[in-house]
Every structure is written in structure tokens, then in C-alpha cells.
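Computed from heavy atoms alone, side chains included, the values below leave out hydrogens, waters and symmetry copies.
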Amino acid sequence: MGEIKMTYRDSKQAQHKADLPDYEKDLASNEQSIKESKVRKRIDELLEEKRLKQLLDNSDDWEV
């Protein structure tokens, strides 16, 4: 009386949930993600600036 039997399907679901990694702990906090986004944007801007400088330096339009 009061004994609960676990079916095969229930045991597989329980094992599956236990095997899943906890992705919530890996997510950056909102503040951290905003900071990282700004840093990535700045890096992209600097890389683009560098690329444009290289294009200008390599052009032959500067002959006088």
C-alpha cells in the first residue's frame, strides 16, 4: 500500500533529465552580456578601420 511503481518510460525520462547539462549556469548575466556585446562591437569597428586603412594605403590614387 502506498508503493509507487516507476515504469520503464518514467525511468528513462528521469535518467535523461539527470544527464542534461545545466545551461542556465553557463549563460552570462544580463550585465555581463551587454558588456561583452559592446566589446565585440568595438573590436569589429577597429578591424573595419584597419581594413579601410589598408585599402587606402594600397591605392595608387595618392600620386601627385
Side-chain angles (χ1 to χ4, degrees):
M1 188 173 162
E3 182 179 322
I4 300 174
K5 292 185 179 183
M6 186 178 281
T7 65
Y8 177 75
R9 177 179 281 163
D10 292 337
S11 67
K12 283 296 182 188
Q13 287 176 348
Q15 287 175 354
H16 182 65
K17 288 179 183 178
D19 293 338
L20 291 177
D22 184 13
Y23 291 114
E24 294 296 323
K25 69 179 180 182
D26 295 334
L27 294 176
S29 67
N30 190 31
E31 187 175 310
Q32 181 69 20
S33 63
I34 291 170
K35 181 180 176 182
E36 289 174 2
S37 177
K38 288 179 181 179
V39 169
R40 285 190 207 106
K41 183 178 179 182
R42 181 65 179 141
I43 290 171
D44 289 341
E45 290 171 355
L46 291 172
L47 289 173
E48 180 65 11
E49 184 178 325
K50 180 180 177 182
R51 185 186 72 82
L52 292 174
K53 282 183 181 179
Q54 287 175 344
L55 287 174
L56 284 173
D57 290 344
N58 292 333
S59 70
D60 295 331
D61 297 339
W62 296 104
E63 293 179 15
V64 179

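Summarising the local packing, CD of E45 is surrounded by more than 12 heavy atoms from other residues, nucleotides or ligands at distances under 6.0 Å.
To the nearest 0.5 angstrom, R42 atom CZ is 10.5 Å from L47 atom CG. We find the CZ-CG distance between R51 and L56 to be 10.0 Å, quoted to the nearest 0.5 Å.
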Quiz item: salt bridge (Lys or Arg N to Asp or Glu O under 4.0 Å) between K35 and E31: does it pass, once the steps are laid out?
Solution: CA-CA 6 Å; K35 181 180 176 182; E31 187 175 310; over 6 Å; no

